[in-house]
Amino acid sequence: MTIKRFKENPIITPEDVKPYHEGFEVIGAFNAGVAEYNGETLLLMRVAERPIVDDPSIVKVPVVDPETREITIKNFSIEDDEYNFDDPRVVRRQDKLEGLSYLTSLSYVRIARSKGGIEFSIDDEPFLYPYNDYQTFGIEDPRVTKIDDTYYIDFTSVSEKGVAVSLVTTKDFESFTDQGIIFAPENKDVVLFPEKINGLYYALHRPVLKSIGNYDIWIAESPDTKHWGNHQHLAGVREGNWDEERIGAGLTPVKTSEGWVVLYHGASHQSRYCMGALLLDLEDPTRVLARSEAPFMEPEEDYEKNGFFNEVVFGCGATQKDDDSLTMYYGVADTSIAGCDISIQEIITHLKESK
Ligand code: MAN
């Protein structure tokens, strides 16, 4: 299958984004939800900022007060045995049963806008900035689904209470209405289907299991997008395969005559993130008709292989020109945003060959 990566890639890098916080640096502009609005492509970027540090033996952790937007910085020494610093994204308690883990950066959502879909101008102000106590460690990985004339934006809200999934709605990308938490901790990678199916809304979600089970994709239904039930297991990780460690839905499902095409990310035990596809029944999306055997996209380019967290392609959204052409915007190496053109027909062929 041919993935036509933009020759301009990466199209947005941390250097393009002015820090919102004084004394901070932008270390990532990535994992963007995508919307088409008023003739423009909007990227709802996850922007990650961290306090500038000169001393490499110190890790600074930012925690925000959602009311005042004041940030408290906790300092950790990498010599401290109580904590583990192996994953650059988190400071983890060695004994997870006691005390807290933290994030090394604070993420929020900022909008980049473009007429042509390649050159973007970036808003100075955040669109979604932590606004309640479930978001004191940040807001991450938004996905946008347009249903009728409303845009539904879900994202992970991270705090000491856990990683939950929140929903807001907007019609103008200036203001939004908070719809609260739709999936309790720990959950991630929620995408809403773009229309009701047999009178109900559907969403894919990814519970993060701690005692028994794996990081698999589930499906749920709702009468109103706020209350979700009738949860069913949809697709699991596959030991020994590229998606053996964790999987999560990426883009809003694309309706085709063959079924719903869901592009998802999968990671190996080494945390190498690739993209694969699922084909779900049009009338009953709890039925999986086909699934990628091999990924249709892997980290290949330098900007996909090297960055803050290496070897990651992570799609959260796309624009669709016609029945066949999808322009996917995807996070690369937890650092920047890249774009590529994909043929939906080729994805379907790839899925059929996987059966
Ligand atoms: C993982 C990664 C991070 C993210 C945290 C919290 O460690 O996805 O990027 O900040 O989870 O969601």
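Read the numbers this way: they start at 1 and go in the same order the structure lists the ligands and their atoms. Along the sequence shown, the residues carry numbers beginning at 1. Given the structure is predicted, the values throughout are model-derived calculations rather than measurements.
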- Query: Between R92 and ligand 1, is there a nitrogen or oxygen pair with a distance under 3.5 Å?
  - Reply: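 Checking ligand 1 against R92, no N or O pair falls under 3.5 Å apart.
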
- Item | Atoms in ligand 1 with a heavy atom of L103 nearer than 4.0 Å |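 Under 4.0 Å from L103, ligand 1 has these atoms: 5 (C), 6 (C), 10 (O).
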
- Message: If the cut-off is 4.0 Å to any non-hydrogen atom of R46, which atoms of ligand 1 fall inside it?
- Response: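 Listed by number with element, the hits are 4 (C), 9 (O), 10 (O).
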
Using a strict 4.0 Å threshold on nitrogen-to-oxygen distance, state whether [X] and [Y] make a salt bridge.
| X | Y | value |
| --- | --- | --- |
| E36 | K146 | no |
| D216 | R206 | no |
| E244 | R238 | no |

- Message: How far is atom 2 (C) of ligand 1 from the closest protein heavy atom, and which atom is that?
- Response: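 Checked against all protein heavy atoms, atom 2 (C) of ligand 1 sits closest to R89 NH1, 3.4 Å.
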
- Item | Closest protein heavy atom (residue, atom, distance) for atom 10 (O) of ligand 1 |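 Nearest neighbour among protein heavy atoms for atom 10 (O) of ligand 1, to 0.1 Å: E140 OE2, 2.5 Å.
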
- Under 3.5 Å side-chain donor-acceptor pair for R291 and Y264: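 Side-chain D/A pair, R291 to Y264: present.
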
- Can you tell which of T156, V208, V158 makes a side chain to side chain contact (heavy atoms under 4.5 Å, CB included) with E186?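 For E186, the side chain to side chain contact (heavy atoms under 4.5 Å, CB included) check succeeds only for V208.
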
- Query: SG of C340 to CE of M328: how many Å apart, nearest 0.5 Å?
  - Reply: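 So the gap between those two atoms works out to 4.0 Å.
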
- Message: Among K188, E186, R246, which one puts a heavy atom closest to atom 1 (C) of ligand 1?
- Response: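 It is K188 whose heavy atom sits nearest to atom 1 (C) of ligand 1.
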
- Message: Taking only non-hydrogen atoms of T156, do any sit less than 4.0 angstrom from ligand 1?
- Response: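 For ligand 1, residue contact (heavy atoms, under 4.0 Å) with T156 is absent.
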
